[in-house]
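One structure is given below, encoded as structure tokens.
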Amino acid sequence: MRKGVIKFILTFALLLGAFGASTQYNKQYFFWMGRQFMLNNDYQEAIRTLNVLLRFDADAYEGYFLRGIAKYNLDDLLGADNDFSIAIEKNPVFTDAYTYRAITRSRLGNYDDALNDFHEAIDLRPDLAGPYYSRGVTRLLNQQFEEAIADFDMFIRHEKKVADAYVNRGVCYLQLKDTVRAFENFDQAIRTNREDPNGYNRRGILYMNQEQFDKAEEDFNTAIKHDSTYLLSYFNRALVYSDTNRPMLALNDFDRVIELDSTNSLTYFNRAIVRTQIGDYNRALEDYDRVVRYSPNNVLVYYNRAGLYSEVGELQKAVDDYTQAIRLYPDFANAYLNRSYLRAMLGDPKGARSDREVAERKISDYKSRLSDSTYSIYADTTQKFDKLLSFDAKLSGSNFESMASTSSAQDVNMKLIPLFKFTLMYADSAVQARSALYHAQRVEDFKQRVANPLLTLARSPSNIEPDSLLKMDRALADRMLREVPTWVMLFERGVTQSLIKQYTNAVTTLTAAISENPSNPFLYLNRSTTRAEMIDFISSIDNSYQRITIDSDPANRLRNSGSRTYNYDDAIEDINKAIKLYPDFAHSYYNRANLYAISNQLPEAYDDYSKAIELNPSFGEAYYNRGLVQIFMKDTRKGCLDLSKAGELGIEDAYEALKYYTSAEE
């Protein structure tokens with residue numbers, strides 16, 4: 001069973017319907033609406049609705065429980081854990097909260113605490129079947145196979161018609177090398193639900209491992225007939241086709257897997273091997289390139305790709321790949337020998353001799369350790385690396401001994417949420433809804449003084465067409481020729497010039513506005529954002545903008561890209577003046593935090609985001625950006641908790657980030 005694939009046994013609709021009967025009408029309404037959103041899989045809207053309920057009644061433990069389930073379904077596992085904990089704190093005999101917190105902790109890999117929670121749930125309600133099943137899954141993941149079998153036995157005693165229970169019990173027996181009982185359980189799973197592909201797949205894998213390829217193929221065909229989108233069936237059938245010398249059929253099935261999951265690096269790896277076997281070298285190289293993208297620390301992909309480069313005459317590229325393989329796994333004798341041969345061909349006899357000597361030492365060391373099972377077989381120069389890997393193989397680790405599980409998480413590039421500024425926008429319900437969370441009377445007074453109905457404080461790009469913005473700017477320019485410019489006119493012109501990317505002119509115009517009204521903090525705020533945007537625009541031209549992003553490498557998810565550093569000192573100085581003039585304005589601290597972050601002053605950024613949150617506890621953008629900064633500062637848990645809070649406060653991108661971290665960590 002793959003980690004994180006946990007099916008709930010509780011009947012969710014009945015569970016939801018049991019809550020809220022004794023609440024007041026308004027609370028019951030929000031509870032009911034939250035339930036409806038969850039039944040429609042609209043978990044973000046459910047969270048927003050349940051937030052209202054919890055503001056009415058902070059002791060509504062059922063509300064925390066439901067919000068926890070919504071967060072769980074959005075892969076916000078830390079946030080779900082926190083909500084289930086609050087529900088338990090408010091109702092210490094809440095069995096379902098213990099069960100779901102245990103499931104959540106199991107997915108987080110926190111098996112000890114998960115098992116403690118299951119123990120509490122079962123003590124409270126030993127008659128419920130669900131906790132036994134879920135505890136069995138956790139024990140299976142924790143490799144406590146005999147204990148897991150006992151839990152599945154208890155579950156099956158209560159519920160005999162759940163095929164997955166037999167499948168999981170069969171997997172446990174398989175891990176204990178009892179293939180007879182594993183077969184019996186997979187057969188029972190198929191008899192229990194003949195339309196579920198999982199039982200056929202498990203039995204087919206067992207047939208395949210026993211080289212009963214006809215029976216394995218029949219099971220995989222049946223699984224595909226019952227579910228044509230179940231990628232595991234195609235993947236395993238491709239392995240059967242490959243083992244029975246039908247490479248074109250294997251390629252067709254690998255193609256289908258990639259249609260279903262375009263980031264599955266294991267499938268690209270296997271397809272590359274099959275393409276190499278039939279001489280389709282160029283497309284095999286394309287597949288290895290994709291594996292490098294999704295699993296950049298995999299040794300075999302560099303080793304195999306080096307061999308292909310050698311075949312097509314790209315000798316220097318082959319040397320580079322062998323070098324990378326050696327960097328990831330310094331005991332790889334094969335890589336040294338092959339690089340030695342290529343260096344000799346490239347006219348580097350010294351390098352070739354050095355590589356050969358290193359390889360010979362490692363081979364000798366390997367032979368002296370043949371009885372030591374802990375010594376890697378991959379130092380053996382007779383080892384072949386063109387065998388297809390099974391779906392359970394580990395692909396994306398830093399070496400052969402400690403490979404992390406294959407992740408299908410896409411290469412994401414999540415940036416800080418941008419600066420807030422006064423801008424011109426047509427009415428936008430989403431912007432207006434967020435603006436309502438950040439009400440400040442001085443902002444409203446300022447907007448009333450400017451008297452432009454399109455003026456709004458936002459971090460979103462303007463939704464006004466560029467041609468319309470250009471007309472607005474020209475109209476302001478004509479007016480300023482006819483009248484003596486006031487600070488209001490200068491401010492508006494500075495805004496329009498900034499929106500049409502005339503940044504130098506915008507800074508000049510805003511400077512003139514400040515000269516007319518030097519005590520207005522919002523003029524400094526906009527000049528600050530304009531100066532920052534000017535730097536961003538310049539840097540985008542030469543592709544070296546310093547920006548915090550999330551990398552596909554789990555060890556370095558946040559990175560600063562580019563080699564050139566840009567100076568935000570003037571923009572920071574402006575925001576410092578704004579803060580001095582209006583020290584209670586959360587947005588100024590948020591903006592300064594962003595400027596600190598992209599200037600690599602991360603502790604200062606953290607402090608300013610925290611100040612913004614202190615001034616406005618509903619500041620979701622500040623939680624989101626502080627979360628990214630904390631992750632870059634290696635405090636991933638606290639960073640994810642901030643992302644969870646940001647999602648709770650309506651920042652939808654937070655759940656994409658949390659989903660990425662969940663898949664990368666598992």
For Phe422, which residues count as a ring-ring contact (aromatic ring centres under 6.0 Å, His included) partner, sequence neighbours excluded? Phe446, Phe522
With sequence neighbours left out, the residues meeting ring-ring contact (aromatic ring centres under 6.0 Å, His included) with Tyr426 are none
Is the closest side-chain heavy-atom distance between Ile47 and Asn51 below 4.5 Å? yes
Sub-4.5 Å side-chain heavy-atom contact between Lys71 and Leu658: no
Side chains of Leu455 and Leu424: closer than 4.5 Å at any heavy-atom pair? yes
Could you list the residues that satisfy side-chain hydrogen bond (donor to acceptor under 3.5 Å, both in side chains) with Asp570, not counting sequence neighbours? none
Ring geometry between Phe269 and Tyr288 (parallel below 30°, tilted from 30 to 60°, perpendicular above 60°): perpendicular
Flag this pair as yes if the NZ/CZ of Arg442 is under 6.0 angstrom from the six-membered ring centre of Tyr582 and inside a 45 degree cone about the axis; otherwise no. yes
State which residues pass side chain to side chain contact (heavy atoms under 4.5 Å, CB included) with Lys611; sequence neighbours excluded, sorted by chain then number. Tyr589, Glu614, Leu615
Minimum heavy-atom separation for Met534 to Val507, with atom names? CE-CG2, 4.4 Å
With sequence neighbours left out, the residues meeting side chain to side chain contact (heavy atoms under 4.5 Å, CB included) with Asp642 are Tyr623, Arg626, Gln630
For the residue pair Asp445 / Gln441, report whether a side-chain donor-acceptor contact shorter than 3.5 Å exists. yes
Using a strict threshold of under 4.0 Å (side-chain N to carboxylate O), is an ion pair present between Lys317 and Asp320? no
Under 3.5 Å, side chain of Ser599 to main-chain N/O of Gln601, donor-acceptor pair present? no
Are any of the side-chain heavy atoms of Tyr624 and Leu643 separated by less than 4.5 Å? yes
With sequence neighbours left out, write down each residue that passes salt bridge (Lys or Arg N to Asp or Glu O under 4.0 Å) with Arg283, or none if nothing qualifies. Asp280
How long is the straight-line distance from CD of Glu648 back to CG of Asp76, given to the nearest 0.5 Å? 8.5 Å
Does a donor on one side chain sit under 3.5 Å from an acceptor on the other, for Asp83 and Tyr72? no
Under 3.5 Å donor-acceptor, Thr104 side chain and Leu77 backbone: no
Walk me through it: do Tyr655 and Asp75 pass the test side-chain contact (heavy atoms from CB on, under 4.5 Å)? CA-CA 7 Å; Tyr655 294 110; Asp75 289 313; over 6 Å; no
Results of salt bridge (Lys or Arg N to Asp or Glu O under 4.0 Å) for Arg105 - residues two or more places apart only: Asp81, Asp117
Any residue meeting side chain to side chain contact (heavy atoms under 4.5 Å, CB included) with Val292, in chain and number order, not counting sequence neighbours: Val301, Tyr302, Arg305
Classify the side-chain pair Ser262/Asn264 by whether it contains a donor and acceptor separated by less than 3.5 Å. no
In Å, rounded to the nearest 0.5 Å, how long is the span from CZ of Phe56 to CZ of Phe30? 4.5 Å
Sole residue of Tyr64, Tyr61, Phe65 in ring-ring contact (aromatic ring centres under 6.0 Å, His included) with Phe84: Phe65
Below 4.5 Å, heavy atoms only, C-beta onward: do Ile514 and Lys577 meet side chain to side chain? no
I want to check something: taking the side chain as every heavy atom from C-beta on, are Arg48 and Val52 in contact at a cut-off of under 4.5 Å? no
Would you compute the distance between atom CZ of Arg527 and atom CD1 of Ile575 and round it to the nearest 0.5 angstrom? 11.0 Å
Below 4.5 Å, heavy atoms only, C-beta onward: do Ile464 and Leu499 meet side chain to side chain? no
side-chain contact (heavy atoms from CB on, under 4.5 Å) between Thr456 and Thr423: does it pass, once the steps are laid out? CA-CA 6 Å; Thr456 187; Thr423 186; 4.0 Å; yes
I'd like to check the side-chain hydrogen bond (donor to acceptor under 3.5 Å, both in side chains) partners of Glu621; sequence neighbours left out, ordered by chain and number. Arg434, Tyr438, Arg459
Would you please test Glu573 and Asp569 for side-chain contact (heavy atoms from CB on, under 4.5 Å) and show each step? CA-CA 6 Å; Glu573 183 180 347; Asp569 287 352; over 6 Å; no
What is the distance from atom CZ of Phe37 to atom CG of Leu66, rounded to the nearest 0.5 Å? 13.5 Å
Shortest non-hydrogen pair, Leu649 vs Pro617, comes out as CD1-O, 3.8 Å
Are the side chain of Asn594 and the backbone N or O of Ile417 linked by a donor-acceptor pair below 3.5 Å? yes
All side-chain hydrogen bond (donor to acceptor under 3.5 Å, both in side chains) counterparts of Arg493, not counting sequence neighbours: Asp473
If you measure only the distance, is there a donor-acceptor pair under 3.5 Å linking the side chains of Tyr43 and Asn41? yes
Donor-acceptor check, side chain of Thr49 to backbone of Glu45, threshold 3.5 angstrom: yes or no? yes
Test item: Leu523 and Pro521 side chains (from C-beta on) under 4.5 Å apart, heavy atoms: no
Checking Glu286 now: which residues fulfil salt bridge (Lys or Arg N to Asp or Glu O under 4.0 Å) with it, not counting sequence neighbours? none
To check you understand the geometry: which heavy-atom pair defines the closest contact between Ala654 and Gly647, and what is its length? CB-N, 3.6 Å
Indicate yes or no for a side-chain donor-acceptor contact from Ser498 to the backbone of Gly494 under 3.5 Å, with no hydrogens or angles considered. no
With a sphere of 6.0 Å drawn around CD of Gln316, does it hold more than 12 non-hydrogen atoms of other residues, nucleotides or ligands? yes
Just verifying a value: how many Å separate Ile579 CD1 and Ser588 OG, rounded to the nearest 0.5 Å? 5.5 Å
If only atom types and distance count, is the side chain of Asp57 paired as donor or acceptor with the main-chain N or O of Leu53 below 3.5 Å? no
Which residues pass the salt bridge (Lys or Arg N to Asp or Glu O under 4.0 Å) test with Glu652, sequence neighbours left out? none
